[in-house]
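This report refers to the structure that appears directly beneath it.
Fair warning: this is a prediction, and the values are worked out from it, not measured in the lab. Counting convention: from 1, in listed order, for ligands and their atoms alike.
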Amino acid sequence: MTRVIGIISGKGGVGKTTVVANLGSVIAQKFKKDVIVIDCNISTSHLGLYLGLYYTPVTLNQVLTGDAHIDDAIYQYHIHGLRVIPASLSFSDLKGVDIAKLKSTIKKLFGKADIILLDAAPGLGREAMATVKAADEVVFVNTPFVPSTMDIIKCHQVANEMGVKSLGVVLNMVGKDKYELTNKEVEELIELPVISTIPMDKNVLRSLALKMPVVLFSPNSPSSKEFVRLAAKIVGEEYIEPKGMFSGILEFFRPKRTEK
Ligand SMILES: Nc1ncnc2c1ncn2[C@@H]1O[C@H](COP(=O)(O)OP(=O)(O)O)[C@@H](O)[C@H]1O
Ligand SMILES: [Mg+2]
């Protein structure tokens, strides 16, 4: 069965694309699932940039104009089997795009992946709503501040009205400063659990400069560890964290226990 999970927010710049790139990488790498990440933010597409994919002759845009088949817009992200469907970076490629076709287009991928993650446009406009409609489940990305939280409340209501299951809130860029909303306050306002608290982490910005997800650039950074925990929750699998820096090496040299 293919799960289609929309990564949604009311406000832009809260971390949706970061969550999609990192979650997709971890689910493919550590949990060995077939994952496709799709840039559904057609008007201001970034997912390909975050993954270093610049030369993509066929994109979701051509699929939504009816000029290409979805299979021709899938690119292998080199390391761990993650696949990506980027949107075009060119303004002229917006012409003729029919975002209403998104749901039926994604349906053509059923059976071709375990998990499809959709990187949504922000807000409640047509583009963002097309992603909610195309998804079976949604995860809301929020920051610990009032404006983004207010927008998520609306997004949650819309998802409920559309009959889409809300998995919870990812609270991103958390600094634990006094002026930030706490997890409890966010949960009370949105009426959903906070399923992950991702810290503000400079490694996320460093990894962006190198065009790769932080989970691959700096797997031991605080944000990477949290992305792994979040991925485990989403796939419903237990993940036992390695205990120390040298645990992998020690494991290698440890004599194998022989059965009596
Ligand atoms: N946990 C984090 N710590 C530091 N910077 C982050 C974090 N999450 C995202 N960012 C940065 O914030 C900016 C906006 O993130 P992005 O994923 O593009 O948001 P959205 O897709 O919601 O617009 C990017 O520059 C990204 O690198
Ligand atoms: Mg984005």
Pocket residues of ligand 1, ordered first by chain and then by residue number (heavy-atom cut-off under 4.0 Å): Gly12, Gly13, Val14, Gly15, Lys16, Thr17, Thr18, Tyr50, Asn172, Met173, Ile198, Pro199, Met200, Asp201, Val204, Leu205, Leu208
At a threshold of 2.8 Å, where the distance has to be below it, does the Mg ion (ligand 2) have an N, O or S atom of Thr17 nearby? yes
Below 4.0 angstrom, N of the basic side chain to O of the carboxylate: do Lys108 and Asp71 qualify? no
Can we say Lys30 and Glu237 salt-bridge, meaning some charged N sits less than 4.0 Å from an Asp/Glu carboxylate O? no
Taking Asp39 for its side chain and Asn41 for its backbone only, find out whether a donor-acceptor pair lies under 3.5 Å. yes
Basic-acidic side-chain contact under 4.0 Å: Glu187, Lys184: no
Could you report the tightest heavy-atom contact between Thr65 and Lys101, atom names first, then the distance? C-NZ, 4.3 Å
Please name the pair of heavy atoms, one in Asn61 and one in Asp93, separated by the smallest distance, quoted to 0.1 Å. ND2-O, 3.0 Å
